[in-house]
Amino acid sequence: MSTKRKNYSEKCIDIHDIENSLDLVMNESKGSPVAVMKDGNPVFYCVPADTYAAILELVDASEMRKLNESVHQLGLELFGDEDKWKSWIKTPVQALGGKLPESMMVTKEGINRVRDLLGQISHGVVV
């Protein structure tokens with residue numbers, strides 16, 4: 001016995017019609033997802049490439065904000081206040097190859113390096 005699933009899309013296509021009609025339905029969707037249906041249930045959703053790329057950018061931006069916020073919080077806890085934190089992130093750090101921590105915090109890798117360094121400092125590791 002199968003359970004009826006909710007369809008989250010305005011446009012649908014039957015799974016058996018994909019080969020012949022997917023391009024047409026995707027064009028008609030104007031960037032919105034298209035539900036691929038089987039026996040009246042959505043099996044999966046097709047999303048135009050530009051829409052998918054935009055979704056990934058939003059997810060990435062959200063993750064970056066969360067990472068930045070967590071590093072900011074670590075910095076406040078370690079340095080005690082906003083002014084000392086801001087001073088530290090704007091000062092070249094030898095453990096970061098002489099770079100400003102602030103300049104490193106534009107990529108996930110850079111944010112993680114700054115976070116790791118803050119962790120080392122908080123545990124008394126000489127860097």
Side-chain angles (χ1 to χ4, degrees):
M1 182 171 159
S2 67
T3 304
K4 185 84 170 159
R5 280 180 251 142
K6 183 173 172 50
N7 179 3
Y8 296 97
S9 175
E10 291 180 23
K11 290 281 184 185
C12 301
I13 186 172
D14 188 87
I15 198 161
H16 302 292
D17 296 330
I18 287 180
E19 190 172 352
N20 296 327
S21 304
L22 184 60
D23 285 341
L24 175 66
V25 173
M26 292 302 290
N27 287 334
E28 289 175 356
S29 78
K30 296 185 170 106
S32 296
V34 172
V36 177
M37 310 292 282
K38 182 175 182 184
D39 300 326
N41 279 311
V43 179
F44 61 91
Y45 293 87
C46 291
V47 181
D50 291 342
T51 302
Y52 186 72
I55 291 168
L56 290 179
E57 286 178 19
L58 289 172
V59 168
D60 192 50
S62 177
E63 288 177 1
M64 292 286 288
R65 273 192 303 280
K66 286 179 185 177
L67 284 171
N68 268 305
E69 289 169 8
S70 70
V71 169
H72 182 254
Q73 188 60 41
L74 282 172
L76 289 177
E77 291 170 11
L78 181 63
F79 294 105
D81 68 44
E82 189 74 32
D83 290 336
K84 289 178 183 174
W85 163 243
K86 284 184 179 178
S87 176
W88 184 81
I89 65 170
K90 294 177 184 294
T91 303
V93 175
Q94 192 65 31
L96 298 174
K99 295 180 181 175
L100 305 178
E102 182 178 58
S103 72
M104 302 286 294
M105 294 183 54
V106 294
T107 65
K108 287 180 189 176
E109 179 184 287
I111 293 169
N112 287 330
R113 285 187 64 197
V114 172
R115 184 196 63 217
D116 292 347
L117 178 58
L118 290 172
Q120 291 172 341
I121 293 169
S122 72
H123 287 93
V125 176
V126 179
V127 288

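Only heavy atoms go into these numbers, but all of them, side chains included; no hydrogens, no water, no symmetry mates. From a predicted model like this one, the values you see are computed outputs, not experimental measurements.
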Apply the test side chain to side chain contact (heavy atoms under 4.5 Å, CB included) to residues N68 and M105: give CA-CA distance (whole Å), side-chain angles for both, the deciding distance (0.1 Å), then the verdict.
CA-CA 7 Å; N68 268 305; M105 294 183 54; 2.9 Å; yes
Nearest 0.5 angstrom please: Y45 OH to S32 OG, how far?
12.5 Å
Under a single-linkage definition using a 4.5 Å side-chain heavy-atom cutoff for Ile, Leu, Val, Met, Phe, Trp and Tyr, are V106 and L117 assigned to the same hydrophobic cluster?
no
Just jot down the side-chain hydrogen bond (donor to acceptor under 3.5 Å, both in side chains) partners of D116, sequence neighbours excluded, or say none.
none
Worked check of side chain to side chain donor-acceptor pair (under 3.5 Å) between N112 and R115
CA-CA 5 Å; N112 287 330; R115 184 196 63 217; 2.8 Å; yes
What residues form a side-chain hydrogen bond (donor to acceptor under 3.5 Å, both in side chains) with R113, not counting sequence neighbours?
none
Name all residues meeting the side-chain contact (heavy atoms from CB on, under 4.5 Å) criterion together with K108; count only those two or more places apart in sequence or in a different chain, and write none if there are none.
D60, E63, M64, L67
Applying salt bridge (charged side-chain N to carboxylate O under 4.0 Å, His left out) to E28 and not counting sequence neighbours gives K11
I'd like to check the side-chain hydrogen bond (donor to acceptor under 3.5 Å, both in side chains) partners of N7; sequence neighbours left out, ordered by chain and number.
none
From K90 atom NZ to E102 atom CD, the distance as rounded to the nearest 0.5 Å:
3.5 Å
In Å and rounded to the nearest 0.5 Å, what is the CG to CE distance from D14 to M37?
8.5 Å
Residues which pass side-chain contact (heavy atoms from CB on, under 4.5 Å) with L100, listed by chain and number, not counting sequence neighbours
P92, S103
Once side-chain contact (heavy atoms from CB on, under 4.5 Å) is applied, do any residues pair with T91, and if so which ones, sequence neighbours excluded?
S87
Please give the remaining members of the hydrophobic cluster of V25, linking ILVMFWY side chains under 4.5 Å, ordered by chain and number.
I13, I15, I18, L22, M26, V34, V36, V43, F44
Just by distance, do the side chain of K4 and the backbone of G40 share a donor-acceptor pair under 3.5 Å?
yes
Verify, without hydrogens or angle tests, whether S21 (side chain) and L24 (backbone) share a donor-acceptor contact under 3.5 angstrom.
no
Which heavy atom in R5 sits nearest to a heavy atom in P42, and how many Å separate them?
NH1-O, 2.6 Å
Throw together a table of side-chain donor-acceptor distances under 3.5 angstrom for residues 46-58, partners on residues two or more places apart or in other chains.
unit_1, atom_1, unit_2, atom_2, d
T51, OG1, G31, O, 2.8

Under the side-chain contact (heavy atoms from CB on, under 4.5 Å) test, which residues partner L118, sequence neighbours left out?
V71, L74, L78, F79, W85, W88, V114
side-chain hydrogen bond (donor to acceptor under 3.5 Å, both in side chains) with H72: which residues, sequence neighbours excluded?
E82
